[in-house]
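Here's the structure we're looking at; comments come further down.
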Amino acid sequence: MKENRRREDKKREKRNVERKIYQRKALKCGPCQRITPIFDQFSVKYSNAVFLKVDVDKCPNTALDQGVTAMPTFIFFRNRSKLGICQGADKNTLESKIQQFYGSGDTEDTEGSVAGHMDLISFVAKTQCECLNESDDHPLVQCLSADEGFLESDCDEQLIISFTFLQAVKVHSIKIKAPAEKGPKTLKLFINQPRTIDFDMADSNTSAQDITFTTKDVEEGNPVPLRYVKFQNVQNLQIFVKDNQSGAETTQIDHLVIIGTPISTTNMGEFKRVAGKKGESH
């Protein structure tokens with residue numbers, strides 16, 4: 001019993017020391033003071049996100065729980081899922097991370113988006129992406145952003161697109177922007193495959209789900225929802241484009257978006273709202 005009490009006393013003493021360290025850092029944090037007005041400006045500029053501040057003097061356990069080792073530290077969340085982190089009072093780095101996870105703040109960035117979910121491109125391991133039957137002049141990478149060109153198939157209309165994620169994700173829907181006559185029509189989706197499937201396997205194997213895009217879907221870039229319950233723990237996603245809208249010789253994709261959320265949760269109870277409305281993404 002005495003040994004247990006000594007252990008508890010040591011743990012309590014260590015935690016008190018750590019709290020005092022955070023308090024001293026907060027009081028003397030010049031970088032925090034310099035970045036605060038910039039942070040406040042960003043909270044107005046990027047209205048599609050909610051900006052929160054944590055006072056480590058009052059909430060030392062939050063800092064410890066989140067693994068904060070330096071200040072200022074910025075942590076990015078959506079639906080209680082941690083998206084990323086950056087440290088230091090660098091304006092450009094902070095703004096770059098905000099744009100990465102929440103867009104530029106323009107209304108066009110949220111057009112066709114799905115409430116409570118995000119573009120999962122920042123969680124894709126791009127070096128592990130693969131596309132079978134892609135054109136040399138228009139490879140997969142060109143359709144992963146809205147302004148980098150387009151993906152086009154090579155010798156016929158079919159494509160197999162393979163995505164590997166940096167962490168497990170939930171996939172809610174898929175959005176494809178493409179020309180009406182050459183846009184994809186029938187897609188077969190496969191998840192958590194041990195390797196990239198070939199065209200024979202894609203054609204004959206049972207998929208997690210088959211979906212069909214209409215001409216309007218590809219022209220307007222409308223998200224097509226999936227059977228969400230089947231896509232709750234996705235490490236890799238493979239998309240077999242079986243045909244296109246008009247039977248054209250090749251298939252074209254101007255922009256492909258995988259919409260969902262990463263799997264990672266945190267306790268937001270001690271965070272203080274700075275800007276934004278209740279119910280918005282954070």
Side-chain angles (χ1 to χ4, degrees), residues 49-50 65-67 75-85 97 100-103 110 112-132 140-141 143-145 151 159-176 184 186-213 217 221-242 253 255-269 271 279-282:
V50 175
D65 291 343
Q66 293 301 320
I75 308 177
F76 305 89
F77 299 90
R78 185 186 293 267
N79 293 338
R80 300 177 182 268
S81 296
K82 184 182 291 186
L83 307 179
I85 186 171
K97 284 291 185 181
Q100 176 186 352
F101 295 123
Y102 308 112
T110 58
S113 63
V114 177
H117 299 276
M118 64 181 296
D119 181 353
L120 292 173
I121 187 61
S122 60
F123 297 93
V124 170
K126 293 185 180 179
T127 57
Q128 298 181 45
C129 291
E130 187 176 4
C131 184
L132 304 185
L140 172 63
V141 67
C143 78
L144 298 183
S145 63
L151 166 65
L159 289 162
I160 291 179
I161 304 170
S162 177
F163 292 104
T164 298
F165 296 98
L166 296 169
Q167 67 181 75
V169 299
K170 300 179 182 181
V171 181
H172 176 275
S173 50
I174 293 178
K175 181 171 71 171
I176 292 177
T186 307
L187 275 62
K188 295 181 69 175
L189 308 181
F190 301 86
I191 61 172
N192 302 337
Q193 299 295 305
R195 63 182 179 86
T196 302
I197 59 178
D198 58 33
F199 285 99
D200 288 337
M201 294 170 61
D203 199 40
S204 60
N205 289 5
T206 301
S207 64
Q209 186 177 348
D210 295 357
I211 58 176
T212 300
F213 281 79
D217 288 333
N222 297 326
V224 174
L226 308 184
R227 296 189 190 105
Y228 195 35
V229 67
K230 291 191 173 184
F231 296 86
Q232 292 293 294
N233 190 348
V234 179
Q235 279 115 25
N236 65 66
L237 172 68
Q238 299 189 38
I239 302 172
F240 172 42
V241 179
K242 188 172 184 179
I253 298 176
H255 192 200
L256 171 62
V257 182
I258 310 298
I259 299 171
T261 56
I263 300 176
S264 176
T265 60
T266 189
N267 181 6
M268 300 290 288
F271 283 65
E280 290 178 323
S281 301
H282 54 278

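Sequence positions, counted from 1, serve as the residue numbers for this chain.
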Go through it in stages, so that I can follow the logic: the residues are K126 and V141, the test is side-chain contact (heavy atoms from CB on, under 4.5 Å), and I'd like the CA-CA distance, side-chain angles, deciding distance and then a yes or no. CA-CA 8 Å; K126 293 185 180 179; V141 67; 5.7 Å; no
Determine the minimum heavy-atom distance between [X] and [Y], stating which atoms define it.
X: L189; Y: F231; answer: CD1-CZ, 4.1 Å
X: F190; Y: T206; answer: CE2-O, 3.6 Å
X: A125; Y: L166; answer: CB-CD2, 3.7 Å
X: S173; Y: P225; answer: CB-CA, 3.6 Å
X: Q167; Y: I263; answer: NE2-O, 3.6 Å
X: H255; Y: S145; answer: CD2-C, 3.5 Å

When you compare the side chain of P184 with that of I253, does any pair of heavy atoms fall below 4.5 Å?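 I253 reaches P184 side chain to side chain.
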Would you say K175 and I259 make side-chain contact, with heavy atoms under 4.5 Å?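 Sidechains of I259 and K175: in contact.
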Please evaluate residues L256 and L151 with respect to the criterion side-chain contact (heavy atoms from CB on, under 4.5 Å), reporting the C-alpha separation (whole Å), side-chain torsions for both, the decisive distance (0.1 Å), and the verdict. CA-CA 9 Å; L256 171 62; L151 166 65; 6.0 Å; no
Output the distance between atom [atom1] ([X]) and atom [atom2] ([Y]), rounded to the nearest 0.5 Å.
X: I211; Y: T186; atom1: CD1; atom2: OG1; value: 9.5 Å
X: D217; Y: I176; atom1: CG; atom2: CD1; value: 9.5 Å
X: C131; Y: L140; atom1: SG; atom2: CG; value: 5.0 Å
X: M201; Y: K188; atom1: CE; atom2: NZ; value: 11.0 Å
X: K242; Y: D203; atom1: NZ; atom2: CG; value: 5.0 Å
X: Q235; Y: F165; atom1: CD; atom2: CZ; value: 10.0 Å

Is there a side-chain contact (heavy atoms from CB on, under 4.5 Å) between I258 and I174? Walk through the geometry before answering. CA-CA 5 Å; I258 310 298; I174 293 178; 4.1 Å; yes
Results of side chain to side chain contact (heavy atoms under 4.5 Å, CB included) for T196 - residues two or more places apart only: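 So T196 forms a side chain to side chain contact (heavy atoms under 4.5 Å, CB included) with E130, L132, I160, S162, Q238.
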Those residues that, when tested against H172, pass ring-ring contact (aromatic ring centres under 6.0 Å, His included) (two or more places apart):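 Only H117, Y228 meet the ring-ring contact (aromatic ring centres under 6.0 Å, His included) criterion with H172.
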ring-ring contact (aromatic ring centres under 6.0 Å, His included) partners of F213, counting only residues at least two apart: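 ring-ring contact (aromatic ring centres under 6.0 Å, His included) check on F213 returns nothing, list empty.
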Keeping [X] on the side-chain end and [Y] on the backbone end, is there a donor-acceptor pair under 3.5 Å?
X: N192; Y: N233; result: yes
X: Q232; Y: K230; result: no
X: Q209; Y: L226; result: no

Is the F123 ring parallel, tilted or perpendicular to the F101 ring (thresholds 30°, 60°)?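 If you compare the ring of F123 with that of F101, the planes turn out tilted.
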Just do the side-chain contact (heavy atoms from CB on, under 4.5 Å) check on M118 and L83 with the steps written out, would you? CA-CA 11 Å; M118 64 181 296; L83 307 179; 3.6 Å; yes
